[in-house]
*Asks:* 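Can you keep this structure in mind? I'll have questions shortly.
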Amino acid sequence: MNTKILMSVSALFMAVLGLGALFLPQELLARSGGRPDALVVLLIQVAGALYLGFALLNWTARSNLIGGIYSRPVAIGNFMHFAVAAITLLKAVMGGLRAGELLVVSAIYSVLAVWFGLVVFTHSIPEKKVVG
């Protein structure tokens with residue numbers, strides 16, 4: 001399985017989330033109906049830094065063979081992040097939290113969780129390079 005697309009998509013998705021959380025925390029809180037409390041703003045910015053770090057990890061690892069025994073920590077970390085976040089987001093949606101953005105983000109997280117699950121739990125075979 002060629003994972004370059006998966007790693008690139010996940011890196012770009014997390015970079016967008018990270019930049020938004022880092023530079024627009026008050027606006028995100030206002031959009032969701034929250035108060036821009038200093039501690040909450042700080043926590044959102046720290047989460048943004050985490051997203052940017054994960055985005056850079058995925059972007060720099062996108063050319064590596066991912067899956068099976070290859071780059072397993074990267075694949076497992078991504079699977080854990082996307083699977084747990086997808087479950088949490090879907091639980092919120094099923095609990096009655098109905099925001100259009102939340103449905104879109106839940107769908108993206110769910111797709112990436114399944115995709116990383118396939119990478120982690122299936123056998124990967126290195127692609128043969130043609131020398132010519």
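From a predicted model like this one, the values you see are computed outputs, not experimental measurements.
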*Asks:* Is there a side-chain contact between Leu112 and Tyr109 in this structure, where contact means two heavy atoms from C-beta onward sitting under 4.5 Å apart?
*Replies:* no

*Asks:* Using the side-chain contact (heavy atoms from CB on, under 4.5 Å) rule, pick out the option among Asn78, Leu52, Leu19 that qualifies with Met14.
*Replies:* Asn78

*Asks:* Name the orientation class of the two ring planes belonging to His81 and Tyr51 (parallel below 30°, tilted from 30 to 60°, perpendicular beyond 60°).
*Replies:* perpendicular

*Asks:* Report the distance from atom CH2 of Trp115 to atom OG of Ser110, rounding to the nearest 0.5 Å.
*Replies:* 14.5 Å

*Asks:* Quick check: closest heavy atoms across Val120 and Ile76, and the distance to 0.1 Å?
*Replies:* CG2-N, 3.9 Å

*Asks:* Is it true that Val84 and Phe82 fall in one hydrophobic cluster, defined by side-chain heavy atoms closer than 4.5 Å?
*Replies:* no

*Asks:* Testing the basics here: between Pro25 and Ile44, what is the closest heavy-atom pair and its distance to 0.1 Å?
*Replies:* CB-CG2, 3.8 Å

*Asks:* Distance check, rounded to the nearest 0.5 Å: Leu90 atom CG versus Leu103 atom CG?
*Replies:* 9.0 Å

*Asks:* Any link between Leu17 and Leu57 through a network of hydrophobic side chains (Ile, Leu, Val, Met, Phe, Trp, Tyr) touching at under 4.5 Å?
*Replies:* yes

*Asks:* Under 4.5 Å between side-chain heavy atoms, hopping through other hydrophobics if needed: is there a path connecting Ile108 to Val119?
*Replies:* yes

*Asks:* How close do Ala86 and Ala113 get, counting heavy atoms only, and between which atoms?
*Replies:* CB-CB, 4.4 Å

*Asks:* How long is the straight-line distance from CG of Leu118 back to CG of Leu6, given to the nearest 0.5 Å?
*Replies:* 9.5 Å

*Asks:* Would you name the heavy atoms of Leu28 and Gly20 that are closest together and state the gap between them?
*Replies:* CD1-O, 3.5 Å

*Asks:* State plainly whether one hydrophobic cluster holds both Phe116 and Ile5, where clusters connect Ile, Leu, Val, Met, Phe, Trp and Tyr through side-chain heavy atoms under 4.5 angstrom apart.
*Replies:* yes

*Asks:* Ile66 and Ala75: which non-hydrogen atoms are nearest, and at how many Å?
*Replies:* CG2-CB, 3.8 Å

*Asks:* When clusters are formed by joining ILVMFWY residues with side-chain heavy atoms under 4.5 Å apart, either directly or through shared neighbours, do Val104 and Val9 land in the same one?
*Replies:* yes

*Asks:* So which heavy atom on Asn64 is nearest to which on Ser71, and how close?
*Replies:* CB-OG, 4.0 Å

*Asks:* Distance from Leu65 atom CG to Asn2 atom CG, nearest 0.5 Å?
*Replies:* 9.5 Å

*Asks:* Roughly how far, to the nearest 0.5 Å, is the CZ atom of Phe13 from the OG atom of Ser8?
*Replies:* 15.0 Å

